[in-house]
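Report on the structure given below.
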Amino acid sequence: MALIIDGNALAAEIRTEVSADVARLTTSTGIVPGLNLLLVGEDPASTVYVRNKSKDCEKVGIRSTIVRMAATATEEEVVEQVREWNNDPTVHGILVQLPIPKHINEHRVIRTIDPAKDVDGFHPENAGRLLIGLDGFIPCTPYGVLEMLKRYNIETSGKHAVVVGRSNIVGKPLAILLAQKRPQGNATVTICHTGTPNIAEHTRRADILISAVGVHGVITADHVKDGAVVIDVGINRITLPDGTTKLTGDVLFDEVSAKASAITPVPGGVGPMTRAMLLRNTVTAAERIGGR
Ligand SMILES: NC(=O)c1ccc[n+]([C@@H]2O[C@H](COP(=O)([O-])OP(=O)(O)OC[C@H]3O[C@@H](n4cnc5c(N)ncnc54)[C@H](OP(=O)(O)O)[C@@H]3O)[C@@H](O)[C@H]2O)c1
């Protein structure tokens with residue numbers, strides 16, 4: 001039976017550390033880290049995410065402000081709001097909750113964010129920095145996965161990591177980070193996606209298997225080597241035979257945990273880590289801006 005990697009406990013540990021760093025920063029410089037969140041439209045899931053992120057901030061002493069704009073807001077209005085925050089010295093982190101309504105060019109909005117305040121790590125400058133191994137902001141989910149590997153002393157150097165999924169916010173940055181010559185890196189990395197003919201052929205060779213797909217059951221016991229570490233990034237809502245719904249990952253947890261050496265559950269795995277790393281990135285932004 002695999003070791004269950006406890007994302008809730010790790011996230012609590014990180015919040016405690018962030019909280020201490022906020023107190024230290026505020027005492028030594030007077031700076032109170034501030035995160036401003038922009039929500040465009042009324043998507044119910046996004047509304048919950050933004051509220052949770054703001055509550056997380058409160059717990060650790062980060063000031064947070066949510067600004068809501070109607071779904072009919074123009075691209076110029078959104079860009080103008082971001083520019084205003086870029087120029088506000090009390091705002092250290094800027095987060096535009098995605099997705100935004102289709103009539104607004106998401107890439108332009110992200111590009112407008114000052115890269116020094118881009119705590120989601122989605123700005124092309126931060127993506128480029130990550131690619132060439134410079135300090136910047138690592139997107140929160142890949143960052144959370146690296147922290148899990150680090151805090152559970154899971155060796156990556158010399159191992160074969162297989163990442164399923166190649167999105168710009170999870171799969172791609174994670175694969176690059178694992179391949180970099182750095183702590184929690186130096187792995188040999190394979191990336192699988194919808195263009196990979198036989199995924200199991202690759203995943204079965206993984207010492208560390210990371211699934212970031214968004215399809216429940218895409219990873220079965222047949223996809224996993226005995227003793228592999230399995231990180232499940234996926235979040236899917238499935239309907240049970242009795243009509244109720246349940247959150248699940250990409251991995252068939254029961255059968256895979258019988259084979260793996262360690263595994264993350266859903267919920268309680270990568271999700272809380274993603275939220276915790278946003279707090280870490282916001283404090284890092286405040287520290288860097290404070291030190292300018
Ligand atoms: N735990 C967290 O904090 C957290 C954070 C972010 C996302 N998530 C979850 O993680 C999952 C992935 O998120 P994302 O934003 O990366 O999603 P995404 O943008 O939809 O990307 C999914 C990736 O999986 C690939 N894919 C889809 N079906 C596949 C299949 N059957 N076999 C192999 N590859 C397949 C896609 O390939 P193509 O490129 O060919 O389309 C794509 O690269 C979602 O469930 C999301 O909710 C969780």
Side-chain angles (χ1 to χ4, degrees), residues 4-12 14-15 43-46 48-53 56 95-100 102 106-107 110 119-122 127 130 137-149 161-178 189-206 209-220 222-224 230-238 245-253 256 263-281:
I4 311 290
I5 299 177
D6 187 344
N8 284 324
L10 286 187
I14 291 166
R15 280 196 301 275
D43 177 67
S46 294
V48 173
Y49 292 150
V50 164
R51 201 186 307 134
N52 286 342
K53 288 171 188 179
D56 288 346
L95 186 149
V96 178
Q97 183 66 42
L98 302 179
I100 48 180
K102 297 248 178 302
E106 182 179 298
H107 294 293
I110 303 276
V119 287
D120 253 345
F122 295 166
L130 185 149
F137 288 106
I138 301 177
C140 301
T141 303
Y143 195 5
V145 171
L146 293 191
E147 279 299 310
M148 284 181 138
L149 296 173
V162 176
V163 179
V164 190
R166 59 178 162 190
S167 73
N168 288 332
I169 62 170
V170 190
K172 227 185 279 175
L174 197 43
I176 289 162
L177 288 160
L178 288 163
V189 179
T190 301
I191 310 179
C192 299
H193 42 71
T194 54
T196 309
N198 184 350
I199 285 178
E201 206 173 90
H202 302 280
T203 57
R204 271 200 293 268
R205 290 191 287 114
L209 172 58
I210 301 175
S211 185
V213 170
V215 176
H216 174 63
V218 79
I219 303 296
T220 67
D222 194 41
H223 289 79
V224 179
V230 179
I231 309 284
D232 190 354
V233 180
I235 301 179
N236 312 294
R237 186 166 285 282
I238 56 163
T245 64
K246 178 184 165 201
L247 273 194
T248 66
D250 292 344
V251 175
L252 292 185
F253 185 86
V256 171
I263 188 167
T264 61
V266 178
V270 177
M273 292 299 286
T274 298
R275 284 168 63 175
M277 299 330 287
L278 175 65
L279 304 175
R280 170 49 71 204
N281 275 348

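Ligands are counted one by one from 1 in listed order, and the atoms in each one are counted from 1 as well.
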Out of all atoms in ligand 1, which are within 4.0 Å of some heavy atom of I169? Include the element for each. 15 (O)
Looking only at distances, please establish whether an N/O atom of ligand 1 is found under 3.5 Å from an N/O atom of V170. no
Per-residue contact class, T141 against ligand 1 - non-hydrogen pairs under 4.0 Å: side chain
Between T248 and H216, do the side chains contain an N or O donor and an N or O acceptor separated by less than 3.5 Å? yes
among protein heavy atoms, the one nearest atom 10 (O) of ligand 1 is V233 O, 3.4 Å
Non-hydrogen atoms of D232 and V251 that approach each other most closely: OD2-N, 3.1 Å
Could you tell me the separation between the OH atom of Y143 and the CG atom of L177, rounded to the nearest 0.5 Å? 10.5 Å
With D56, which of R15, R51, R275 fulfils side chain to side chain donor-acceptor pair (under 3.5 Å)? R275
Non-hydrogen atom of A212 closer than 4.0 Å to ligand 1: yes
Nearest non-hydrogen partners of A276 and I14, listed with the distance: CB-CG2, 3.9 Å
Heavy-atom pair of closest approach, residues L247 and P267: O-CD, 4.1 Å
Please report which non-hydrogen protein atom sits nearest to atom 25 (C) of ligand 1, along with the residue it belongs to and the distance in Å to one decimal place. G165 CA, 4.0 Å
Which residue supplies the protein heavy atom nearest to atom 11 (C) of ligand 1, what is that atom called, and how far is it? G214 N, 3.7 Å
Please state which option from L278, V164, I235, L247 has its nearest heavy atom closest to atom 45 (O) of ligand 1. I235
Indicate, as side chain, backbone, both or neither, the part of V266 found under 4.0 angstrom from ligand 1 when only non-hydrogen atoms are considered. neither
Can you give me the closest heavy-atom contact between A206 and V162, atom names plus distance? CB-CG2, 3.5 Å
Quick check: G171 and ligand 1, any N/O pair under 3.5 Å apart? no
Contact atoms of ligand 1, heavy-atom distance to V270 under 4.0 Å: 1 (N)
Side chain or backbone of I199 under 4.0 Å from ligand 1, or both, or neither, by non-hydrogen atoms? side chain
Which ligand 1 atoms are under 4.0 Å away from a heavy-atom of V218? 31 (N)
Shortest non-hydrogen contact from P272 to G269? CD-O, 3.3 Å
Any idea which atoms of ligand 1 are less than 4.0 Å away from a heavy-atom of T274? 2 (C), 3 (O)
Looking at every heavy atom in both F122 and P139, which two are closest together, and how far apart are they? CE2-CB, 4.1 Å
At under 4.0 Å between heavy atoms, is it the side chain or the backbone of T196 that contacts ligand 1, or both, or neither? neither
G271 touching ligand 1 at heavy-atom level, < 4.0 angstrom: yes
Protein contact to atom 28 (N) of ligand 1 [nearest heavy atom, distance to 0.1 Å]: V213 CG1, 3.4 Å
Could you find the nearest protein heavy atom to atom 43 (O) of ligand 1 and give me its residue, atom name and distance? R166 N, 2.8 Å
CG (D43) and CD (Q97) are apart, to the nearest 0.5 Å, by 8.5 Å
I need the contact type for T194 against ligand 1. Using non-hydrogen atoms and a strict under-4.0 Å cut-off, is it side chain, backbone, both or neither? both
Only heavy atoms of N236, strictly under 4.0 Å: list the atoms of ligand 1 that pass. 45 (O)
With I210 as reference, evaluate D250, L178, T264 under the side chain to side chain contact (heavy atoms under 4.5 Å, CB included) test and give the passing residue. L178
Counting N and O atoms only, with roles assigned by atom type, does the side chain of T203 sit under 3.5 Å from a partner on the main chain of H223, one being a donor and the other an acceptor? yes
CG on N281 to CG on L95, rounded to 0.5 Å: 10.5 Å
When you measure from atom 16 (O) of ligand 1 to every protein heavy atom, which one gives the shortest distance, and what is it? S167 OG, 2.5 Å
